[in-house]
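One structure follows; several queries about it will come next.
Quantities reported herein were computed from a predicted structural model and do not represent experimental measurements. Residue numbers start at 1 and run along the sequence shown.
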Amino acid sequence: MGVEGCTKCIKYMLFFFNFIFWLAGCVILGVSLWLRHDNKTSSLLELKYEGTEAPSTFYISVYILIAVGAVMMFVGFLGCYGAIQESQCLLGTFFACLVILFACEVAAGIWGFMNKDKISKELITFYDSVHDRGTSFADREQKQAAVAVMKVFHETLNCCGKGTLASGPTMWFSETCPQDKILFADNCHTKIKELFSEKIYLIGIAALVVAVIMIFEMIFSMVLCCGIRNSPVY
């Protein structure tokens with residue numbers, strides 16, 4: 001015999017939340033892999049010019065997400081199994097893993113909030129440096145290299161230049177712009193910000209949902225663990 005009454009209800013609620021947690025881990029792993037291989041971000045962040053590479057801060061965040069998703073899947077399975085088996089040892093291990101994950105998520109959230117604009121700023125700086133260096137170089141080969149980088153930016157983001165027509169596309173790379181954007185150029189700075197803001201917003205929503213689930217799981221696991229300890233059948 002196992003636990004009875006309200007504790008038995010807690011047991012199945014914990015199993016349910018752990019199953020959701022496991023699914024959330026699958027979703028986060030899938031989303032992070034999508035973010036890593038998304039055509040827009042990959043084509044921009046893999047660019048190189050004159051030995052200078054595009055910033056890798058975004059990829060570092062994505063690799064952390066991949067690790068978090070994999071760990072969540074393992075912890076979710078551990079919680080499901082511990083709840084069904086009514087094992088205090090497994091539930092205690094599960095609770096400890098949750099506390100560590102929750103602390104890491106809070107730390108990552110604080111870091112992300114403090115650096116939320118860093119990724120787009122770094123890529124804008126890279127864009128501007130290629131633009132300015134391409135303008136100043138007289139060497140044909142160096143200009144062609146700059147044109148190739150600019151073309152990827154403009155085609156990927158469907159933009160042209162750093163601002164309005166007056167401050168935006170210069171003649172040396174106007175050929176890289178989408179034909180309908182040369183005269184009425186969308187600001188590439190704005191497009192870069194929008195691209196990463198959308199992805200960071202998606203990550204933030206996922207992190208908030210996971211945090212709420214983790215809080216419920218920590219409560220349920222401790223209640224169930226105490227119920228098992230106090231159960232007369234043990």
Just distance, no hydrogens or angles: give the donor-acceptor pairs under 3.5 Å from side chains in residues 15-30, sequence neighbours left out.
{"from": "N18", "atom 1": "ND2", "to": "L14", "atom 2": "O", "distance (Å)": "3.0"}

Open item on the list: For the CG atom of L224 and the OG atom of S87, what is their distance to the nearest 0.5 Å?
Closed with: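 Reported to 0.5 Å precision, the distance equals 10.0 Å.
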- [ ] First locate atom CG of L91, then atom CD of Q85, and finally report the distance between them rounded to the nearest 0.5 Å.
- [x] 10.5 Å
TODO: Specify the closest pair of heavy atoms between K191 and N158, including all atoms of both residues, with the distance to one decimal.
DONE: CE-O, 4.1 Å
TODO: Using the test side chain to side chain contact (heavy atoms under 4.5 Å, CB included), find all partners of T190 that sit at least two apart in sequence or belong to another chain.
DONE: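 Partners of T190 under the side chain to side chain contact (heavy atoms under 4.5 Å, CB included) test: N187, E194.
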Task: Cluster overlap M218 with V71, hydrophobic side-chain contacts below 4.5 Å - done: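 Yes, M218 connects to V71 through the hydrophobic network.
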Open item on the list: For residues M214 and L208: do they belong to one hydrophobic cluster (side chain heavy atoms under 4.5 Å, members Ile, Leu, Val, Met, Phe, Trp, Tyr)?
Closed with: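 No, no single cluster joins them.
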TODO: Kindly write out the residues that satisfy ring-ring contact (aromatic ring centres under 6.0 Å, His included) with Y12, not counting sequence neighbours, or none if the list is empty.
DONE: none
Task: Euclidean distance, L90 CG relative to C80 SG, rounded to 0.5 Å - done: 12.0 Å
Task: Results of ring-ring contact (aromatic ring centres under 6.0 Å, His included) for F153 - residues two or more places apart only - done: Y127
Task: Side-chain heavy atoms of I124 within contact of K193, under 4.5 Å - done: yes
- [ ] Can you measure from CD (Q88) to OG1 (T93) and round to the nearest 0.5 angstrom?
- [x]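 Here the rounded value is 11.5 Å.
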Open item on the list: A side-chain contact here means heavy atoms from C-beta on lying under 4.5 Å apart; do I192 and K121 qualify?
Closed with: no
Task: Pairs where residues 72-108 contributes a residue and the test ring pair (Phe, Tyr, Trp, His ring centres under 6.0 Å) is met, not counting sequence neighbours - done: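 Sorted pair list comes back empty.
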Open item on the list: For S120, give me all partners under side chain to side chain donor-acceptor pair (under 3.5 Å), at least two apart in sequence or on another chain.
Closed with: none
TODO: For I219, check side chain to side chain contact (heavy atoms under 4.5 Å, CB included) against everything at least two apart and list the hits.
DONE: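 Testing I219 for side chain to side chain contact (heavy atoms under 4.5 Å, CB included), a comparison that skips the adjacent residues, returns I215, V223.
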Task: Same apolar cluster: I100 and L78, side chain cutoff 4.5 Å - done: no
Open item on the list: Using the rule that Ile, Leu, Val, Met, Phe, Trp and Tyr join whenever any side-chain heavy atoms are under 4.5 Å apart, tell me whether I84 and L98 fall into a single cluster.
Closed with: no
